[in-house]
Amino acid sequence: MLDSKAIRQDLKQTAERLALRGYALDVAELEALEEKRKALQTETQALQNERNVRSKEIGQAKAAGQSVEPLLEEVNTLGERLKAAEAELNTLLAELNDRLLAIPNLPDSAVPAGQDEDDNEEIRRVGEPTKFSFTPLDHVDLGGKLGWMDFEVAAKLAGSRFVVLKGPLARLHRALIQFMLNVHTQEHGYEEVYVPYLVNRDSLFGTGQLPKFEEDQFATRDADPFYLIPTAEVPVTNLVRDEIVSHERLPLKYTAHTPCFRREAGSYGKDTRGLIRQHQFEKVELVQIVPPEDSDAAHEALTQHAEAILQRLKLPYRVVSLCGGDLGFSATKTYDLEVWLPGQNAYREISSCSHFGDFQARRMKARYRHPDTQKPELLHTINGSGLAVGRTLVAIMENYQCEDGRIKVPEALLPILNQEYLG
RNA sequence: GGAGAGGUGGCUGAGUGGUCGAAAGCGGCGGUCUUGAAAACCGUUGAGGGGAAACCCUCCCAGGGUUCGAAUCCCUGCCUCUCCGCCA
């Protein structure tokens, strides 16, 4: 959520910056609502003040043993007038709040202009696309040939966009999680957390998935539903919801491995083959919660922490800066890490590292006490995948495949897997 | 699942329906003292919003209700704790 005060003060500039990400802000409508709000609020507060003053007088008169009858008569109609004014104001405030909640974050000044992913800016490339002396298979053919990756049986159990992994692949999958968590906790200074996979509405609201992206979420059917987390970002970032974190505890650096559940509504026909887009997948997430002045540096650092995993696994990748049009709702700036997939002959997203500024913090009321002023100030939040486990598995299978169908184990995983080849 | 207790400011914790946004303590900040620090003492210190300002409004888990007036009374929900049962 943006700062309503700031929007009000500079509506035009806000609209211009939002236009960079293809969002048309209805300036006239907001202005009209705002004007109405001001009038209503003033009126309501005047009535509330009158009620308070009168009630106090009655109390004092009673204490002094005087008759309160005449005073009560004066107050007669006040209650109803106040009730009506409050109701009207609340309706308007709710409406205004709904508008505000629907507005995406302002893009950072460094965000490239553009409509969609074709306009993203490549920042750097690390490694070269893997070369083969034979025609490489994609992970579906590889997995099927080895009998370790079964989409048919998963479809029987659940439906499309699910997978069953077996034997060495299931083991590799688990090893990757272990490897990523080890690196982030032991070398990058993150604290590992274990969190709920089912969360309440407030949590999804805090990180910005709700109310706008309800249709992307899986939810239980309780009257007060639980939501299956679409990413660990939700439970982990919400650790500081409604908190005033003491300055000494900052920065907070958390990492968590969780499954993620997404409906993938609106992606019909996209990545229908293979492991790339599933309703359920594992991810190791990195989250940093920092004072505003440190957030840009933290965003760069977190991105490099995610990159470190790709580097250790010797997977070729590139870093792109998302253009305005491709930016997620809550993000002010995002770097995507794209790994080389020989099976697709393309770079594909394997991590998305986003800077949210105070956008999520404002929704969550996540604050810290400023060391100088002692006043609560909004924190900044940053997160990124480090990495998406399923896609990393795909990348290893495709980049490390041998002509005989075996898969070479990346050196970095040898301590965990204790074998040089799968197959 | 059964029985009970409770949710108040950064924390602990008082609060007879009427100057209660809330005692007290801790913590924080400022000061006195000190070469410096500690201790002691004095002062100060909740959050959000409106307003140029004076000042005003809202908030004592959440949502309703009673009342001229609710932290305090009533209803509903959520959460926490204790005991019993069950259980990975």
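All of these numbers come straight from a predicted model, not from anything done at the bench. Chain A is the first sequence line, chain B the second, and so forth, proteins listed ahead of strands; every chain is numbered from 1.
- Sorted by residue number, the list of members of residues 92-101 of chain A with any non-hydrogen atom under 4.0 Å from RNA chain B is empty.
- For the P atoms, the distance from B:U82 to B:G46 is 34 Å, rounded to whole Å.
- A:Pro225 pairs by the side chain to side chain contact (heavy atoms under 4.5 Å, CB included) definition with A:Ala219, A:Thr220, A:Tyr227, not counting sequence neighbours.
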Using distance only, find each side-chain donor-acceptor pair of residues 389-397 of chain A under 3.5 Å and give its atom names and separation, not counting sequence neighbours.
| residue | atom | partner | partner atom | Å |
| --- | --- | --- | --- | --- |
| A:Arg391 | NE | A:Ile276 | O | 3.0 |
| A:Arg391 | NH1 | A:Glu349 | O | 2.8 |
| A:Arg391 | NH2 | A:Ile276 | O | 3.0 |
| A:Thr392 | OG1 | A:Ala388 | O | 2.6 |

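- Side chain to side chain, A:Gln360 and A:Thr381 meet the donor-acceptor criterion of an N or O pair below 3.5 Å.
- With a cut-off of 3.5 Å on both Watson-Crick or G-U wobble distances, the partner of B:C59 is given as B:G46.
- Atom P of B:G30 sits at a distance of 12 Å from the matching atom of B:A37, rounded to the whole Å.
- For residues 152-172 of chain A, the set of pairs meeting the ring pair (Phe, Tyr, Trp, His ring centres under 6.0 Å) definition, not counting sequence neighbours, comprises A:Phe162-A:His279.
- B:A39 and B:C26: their P atoms are spaced 11 Å apart (whole Å).
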In residues 286-298 of chain A, what donor-acceptor pairs under 3.5 Å come from side-chain atoms, sequence neighbours left out?
| residue | atom | partner | partner atom | Å |
| --- | --- | --- | --- | --- |
| A:Gln288 | NE2 | A:Tyr190 | OH | 3.0 |
| A:Ser295 | OG | A:Pro292 | O | 2.9 |
| A:Ser295 | OG | A:His355 | NE2 | 3.1 |
| A:Ser295 | OG | A:His380 | ND1 | 2.8 |
| A:Asp296 | OD1 | A:His355 | NE2 | 3.1 |

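- Separating the P atom of B:G49 from that of B:G65 is a span of 26 Å, rounded to the nearest Å.
- A 3.5 Å limit on both hydrogen-bonding distances identifies B:A5 as the Watson-Crick or G-U partner of B:U80.
- Separating the C1' atom of B:C60 from that of B:G15 is a span of 11 Å, rounded to the nearest Å.
- For the C1' atom pair drawn from B:G13 and B:A22, the interatomic distance equals 12 Å after rounding to whole Å.
- Residues meeting the ring-ring contact (aromatic ring centres under 6.0 Å, His included) test with A:Phe359, sequence neighbours left out: A:Phe329.
- Considering only residues two or more places apart in sequence or on other chains, A:Glu248 meets the side chain to side chain contact (heavy atoms under 4.5 Å, CB included) condition with A:Ser246.
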What donor-acceptor contacts under 3.5 angstrom involve side-chain atoms of residues 144-155 of chain A, with partners at least two apart or in another chain?
| residue | atom | partner | partner atom | Å |
| --- | --- | --- | --- | --- |
| A:Trp148 | NE1 | A:Leu146 | O | 3.3 |
| A:Asp150 | OD1 | A:Glu152 | N | 3.0 |
| A:Asp150 | OD1 | A:Val153 | N | 2.9 |

Identify every side-chain donor-acceptor pair in residues 249-256 of chain A under 3.5 Å, counting partners at least two apart or on other chains, and give the distances.
| residue | atom | partner | partner atom | Å |
| --- | --- | --- | --- | --- |
| A:Lys253 | NZ | A:His188 | O | 2.7 |
| A:Thr255 | OG1 | A:Glu285 | O | 3.0 |

query = Can you give one letter per nucleotide of nucleotides 48-71 of chain B, going 5' to 3': B for a protein heavy atom under 4.0 Å from the base, S for sugar-phosphate only, - for none?
reply = SBSS----BSS-------S-BS--
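- Distance noted for atom C1' between B:G27 and B:U12: 11 Å (whole Å).
- For A:Glu117, the salt bridge (charged side-chain N to carboxylate O under 4.0 Å, His left out) criterion is met by no residue, not counting sequence neighbours.
- Checking B:C26 for Watson-Crick or G-U wobble geometry (two distances, each under 3.5 Å) identifies B:G10 as its partner.
- One P atom belongs to B:G64, the other to B:A14, and the distance between them is 29 Å to the nearest Å.
- One atom, CD of A:Gln374, and another, C1' of B:C29, lie 6 Å apart when rounded to the nearest Å.
- For the residue pair A:Ser203/A:Asn200, the side-chain donor-acceptor check at 3.5 Å is satisfied.
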Pairs: protein N or O with nucleotides 76-80 of chain B N or O, under 3.5 Å:
none

